[in-house]
Trainee: 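Take a look at the following structure, please.
All heavy atoms count here, side chains included; hydrogens, waters and symmetry mates do not. Being a predicted model, the structure only gives us computed values, none of them experimental. Just follow the structure's listing: the first ligand is 1, and inside any ligand the first atom is 1.
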Amino acid sequence: MSYNIQITKVEQSRVDTLDFDNIPLGTSFTDHMFICDYDNGEWGNPRIEPLKPIPTHPAAMALHYGQAIFEGMKAYKDSDNIPMLFRPYQNAKRLNLSANRMGMPNVPEELFVEGLTELVALEHHWIPPQLGSALYLRPFMYADEAFIGMRAATRYKFIIMASPAGPFFSKRIKLWAEKQFIRAAQGGTGEAKAAGNYAAAIRPTELAKAKGYDQVLWLDAAEHKYIQEVGTMNIFFKINGEFITPKLDGSVLDGITRKSVIDLLQDKGYKVTERLIAIDEIKEASKNGTLEEAFGTGTAVGIAYIQSIGTDEGEIYISDESPVGIDVNDTLNAIKTGKIEDKFGWMTKIEQELA
Ligand SMILES: Cc1ncc(COP(=O)(O)O)c(C=O)c1O
């Protein structure tokens, strides 16, 4: 371990107050957080301390100019109770890609992963043992310099919080293909996990929900013709035996579940193509019976099956007779919990002494 992370522990853990069989969504947090400050061109004072509110100056630049980015990932336990992280260096790389786009400093990958591993080693008793549950980890960075004016901030905080997450029982979801609002345009911030991208999606998602849909299916900004992604998921279709997913063109988030699912599908012998996919192509495939399956992929849900896509011209129905995605999801979960061999080398075991 190369960083000298100072650890201040809570006097009394709150873990006994959590009902692991009924974990509330997004509202329970573990005892501690990892925190590190950026000032004078470098990261310093990496520490783990009791989770608590952070005093914020009203002129903190993140609040005005939106320099705020985040990551989402999960820690699991294997059958010997060893905590494990799923592809943490991928999240470190993506955080830095987001940081570059938003004019923010990079977090050294080793600091990112060391902060995660030290925090999870301390909070391992918060990892829910139930099948499908995990400890959700939220690394994020924001500008906390007090300054009114448009330029990159000079002071930032990088923080990691942890929140136990229950199993996600996915019903087949209904998507609304959005043509009025867009998520990302070429040259914009679509491939960054920037807080503002999510703010801009809130209203369109509310409107889609009011129409009876679960999530928005985002289309390209120029023509409203090509499929990008869904809410907080990438998307896959199976047409005539072949899987297709929108190519990464700078306006789609490079999902870590997406890249893992591509590897697993190929390993299982399926052809996977990353390319432009027009919504009309999906409509046609649904009509002529070649659309065999469609699902979203993301850290929160793993794989979420899609039932139908609503468009201005009517509903596109998706068959549920080819559940390859369920098989891929089972394989992914078995790798994440150490039940099958990790032949891709995706899991990082937390080897240090557990608190
Ligand atoms: C916009 C968006 N697309 C896709 C994803 C899926 O990415 P991942 O598989 O890394 O969770 C997410 C979730 O982070 C997301 O927010």
Trainee: Checking Glu123 side chain against Asp31 main chain: does a donor-acceptor pair fall under 3.5 Å?
Mentor: yes

Trainee: When you measure from the side chain of Lys74 to the backbone of Ala300, do you find a donor-acceptor pair of N or O atoms at a distance under 3.5 Å?
Mentor: yes

Trainee: Students should find this: residues with any non-hydrogen atom under 4.0 Å from ligand 1. What is the answer?
Mentor: Arg94, Arg183, Lys193, Tyr198, Glu229, Gly231, Thr232, Met233, Asn234, Leu253, Gly255, Ile256, Thr257, Thr297, Gly298, Thr299

Trainee: Side-chain atoms of residues 135-143: list all donor-acceptor pairs with protein atoms under 3.5 Å, sequence neighbours left out, distances to 0.1 Å.
Mentor:
residue	atom	partner	partner atom	Å
Tyr136	OH	Arg138	NH2	2.9
Arg138	NE	Glu71	O	3.0

Trainee: Check Asp37 with Arg155, please: is the shortest side-chain N to carboxylate O separation under 4.0 Å?
Mentor: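 Salt bridge flag = no for Asp37 with Arg155.
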
Trainee: Apply the side-chain hydrogen bond (donor to acceptor under 3.5 Å, both in side chains) test between Ser308 and each candidate in Glu315, Lys174, Arg172; give the one that qualifies.
Mentor: Glu315

Trainee: Please check this pair: side chain of His32 against backbone of Lys9, looking for a donor-acceptor N/O pair closer than 3.5 Å.
Mentor: no

